[in-house]
There are 2 protein chains.
Amino acid sequence: MDRPVLPLLGSPRAARADAVRNRRQLLATAREMLAEQGVARLTMDALAERAGLGKGTVYRRFGTRAGIFQALIEDDEHAFQERVLSGPPPLGPGAPALDRLIAYGRARAAFLIEHREIVRAAIDGRRPVPAGTEMRLSQMHIRMLLTQIPLDGADLDILAVQLTAALEAPLLLYLSAADFTDDALHTQERTARGWQDLVQRVCRRP
Amino acid sequence: MDRPVLPLLGSPRAARADAVRNRRQLLATAREMLAEQGVARLTMDALAERAGLGKGTVYRRFGTRAGIFQALIEDDEHAFQERVLSGPPPLGPGAPALDRLIAYGRARAAFLIEHREIVRAAIDGRRPVPAGTEMRLSQMHIRMLLTQIPLDGADLDILAVQLTAALEAPLLLYLSAADFTDDALHTQERTARGWQDLVQRVCRRP
DNA sequence: AGTGTAAGCGGACTTTCCCCCGCTTAATAT
DNA sequence: ATATTAAGCGGGGGAAAGTCCGCTTACACT
């Protein structure tokens with residue numbers, strides 16, 4: 001019997017059990033090594049060996065070294081998105097869109113500072129401002145909120161990209177600089193205030 | 001190009017002739033290889049060999065692989081900054097600050113698209129080099145223009161960082177995506193319009 | 001259960017980045 | 001001119017990223 005030529009959308013194939021297991025194992029091991037030895041010691045070879053797997057498997061699962069850190073962040077990001085999508089206002093639904101936008105910036109700044117070690121490692125090897133998938137979620141959320149605010153004649157797609165970058169830029173700049181330790185909270189707060197000021201300016205009517 | 005070192009405050013020493021010569025030689029060779037063989041073939045070893053110099057010299061001059069691309073951009077950037085600082089209005093001095101800001105965004109977008117190949121290579125770099133120098137100039141200029149616009153109670157440093165990132169984000173996002181070729185001008189124009197809209201919103205009075 | 005097959009796995013191999021450090025040389029002082 | 005010295009130079013080498021491809025195995029369909 002001929003097998004279906006095109007699998008229907010969303011069912012290309014179930015992920016194999018060993019693949020899922022190995023992915024989990026690698027992420028867990030990566031977190032251990034990160035906590036114990038810091039970012040620098042987390043090499044692909046060391047990770048593979050400590051996880052008891054082959055190097056090829058690490059690459060199959062994450063593609064690049066930066067991919068590991070992105071995966072780690074996305075992992076944590078799930079809980080964060082949960083709060084954003086269905087938590088209490090003003091972050092979650094129920095508050096005016098502008099308030100949610102401001103709250104989102106504040107929460108996002110806190111999130112990035114809280115995970116600064118991993119974030120730093122993730123941007124260390126890749127794109128400066130737009131940093132992969134994590135940013136895509138931010139962008140989508142911001143765009144969604146923007147649709148609920150009257151902004152005559154604005155290009156929402158561009159505006160969402162601009163605002164997402166504007167939100168993260170001060171933090172990424174800070175994290176890119178070497179030796180951040182003490183004034184993290186100060187940067188976080190200043191970023192949050194700057195964000196609030198920016199979106200209020202952008203969204204107010206003339 | 002001469003090194004952009006500030007000779008003002010107690011210059012410790014003049015740059016050595018051979019150092020300057022080698023730097024020029026390396027940049028020229030890098031441009032050749034870039035044009036002939038594309039980005040991927042431009043390795044530190046290959047560059048050194050073709051330039052007839054040692055690997056150590058390449059590393060000494062540019063620090064990292066990404067540093068080469070940054071140096072190439074800065075080279076071109078010099079002419080650009082010339083126009084910005086002392087060219088005709090509205091880009092150069094003489095026009096209202098808001099108009100200059102808008103003109104700057106448009107010119108910057110054109111510049112980045114024009115040099116898209118190199119910019120892309122610089123983005124792909126592995127590690128942050130001395131600093132994102134290219135961006136710093138943008139930031140300083142934008143901040144300078146902002147001081148000439150009444151913006152009550154804004155944190156100018158943060159705002160400059162935010163706007164710089166907002167300006168470049170759409171372009172960098174586009175350049176990060178693989179296979180850009182045809183719709184470059186479209187992206188450029190859309191970015192320029194988006195920038196104009198953004199700064200007008202930010203700078204208008206309530 | 002048996003079987004076909006696509007996906008996953010592993011680890012040796014290649015590439016290339018970046019560091020190191022003894023030797024050389026240009027700029028300056030005597 | 002000669003001596004001094006700090007900066008520059010070179011290329012070997014370690015280390016880690018990323019690739020390749022034959023072997024293995026989980027899953028789906030009889």
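A note on names: the letters A, B, ... follow the listed sequences, proteins ahead of strands, and every chain is numbered from 1. Here the structure is a predicted model, which means the values were calculated and not measured.
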A/R21 CZ to D/dC27 C1', in whole Å, measures 14 Å
Regarding C/dA7, can its base be found pairing with the side chain of A/R16 as donor and acceptor, where the two atoms are less than 3.5 Å apart?
yes
Both A/T43 and B/K55 contact DNA chain D. Which one's nearest nucleotide lies toward the 5' end?
B/K55
Contact between B/I149 and B/L101 at the side-chain level, heavy atoms closer than 4.5 Å - yes or no?
yes
When the distance from CG of B/L53 to C1' of C/dT25 is rounded to whole Å, what number comes out?
15 Å
Distance, rounded to the nearest Å, where B/R41 contributes CZ and C/dT16 contributes P
8 Å
Here the distance between atom C1' of C/dG8 and atom CZ of A/R24, to the nearest Å, is 17 Å
Taking CZ from B/R60 and P from D/dG10, how many angstroms apart are they, rounded to a whole number?
11 Å
Between C/dG8, C/dC17, D/dG8, which one does the side chain of B/R61 approach most closely?
D/dG8
Flag side-chain contact, heavy atom, 4.5 Å: A/R16 against A/R21:
no
What do the steps show when you test A/R31 against A/D76 for salt bridge (charged side-chain N to carboxylate O under 4.0 Å, His left out), and what is the final call?
CA-CA 12 Å; A/R31 275 191 209 281; A/D76 295 338; 3.2 Å; yes
Describe the nucleic acid contact of A/T57 in one word from base, sugar-phosphate, nothing, applying a heavy-atom distance below 4.0 Å.
base
Salt bridge between A/D197 and A/R193, side-chain N to carboxylate O under 4.0 Å?
no
Could you tell me the separation between the CZ atom of A/F62 and the P atom of D/dT19, rounded to a whole number of Å?
16 Å
How close or far is atom P of C/dG8 from atom CZ of A/R23, stated in whole angstroms?
12 Å
C/dA26, D/dT19, C/dC17: which one has an atom nearest the side-chain heavy atoms of A/Y59?
D/dT19
Rounded to whole Å, CD1 of A/I68 lies from P of D/dA16 at a distance of 14 Å
Let me know, please, whether B/D18 or B/G56 comes out on the 5' side of the other along DNA chain C by nearest nucleotide.
B/G56
Is a donor from one side chain sitting under 3.5 angstrom from an acceptor on the other, for B/Y174 and B/T191?
no
DNA chain D: 5'-proximal contact among B/N22 and A/A40 (nearest heavy atom):
B/N22
Can you tell me which nucleotide in C/dA27, C/dC18, C/dG8 comes closest to the side chain of B/M44?
C/dC18
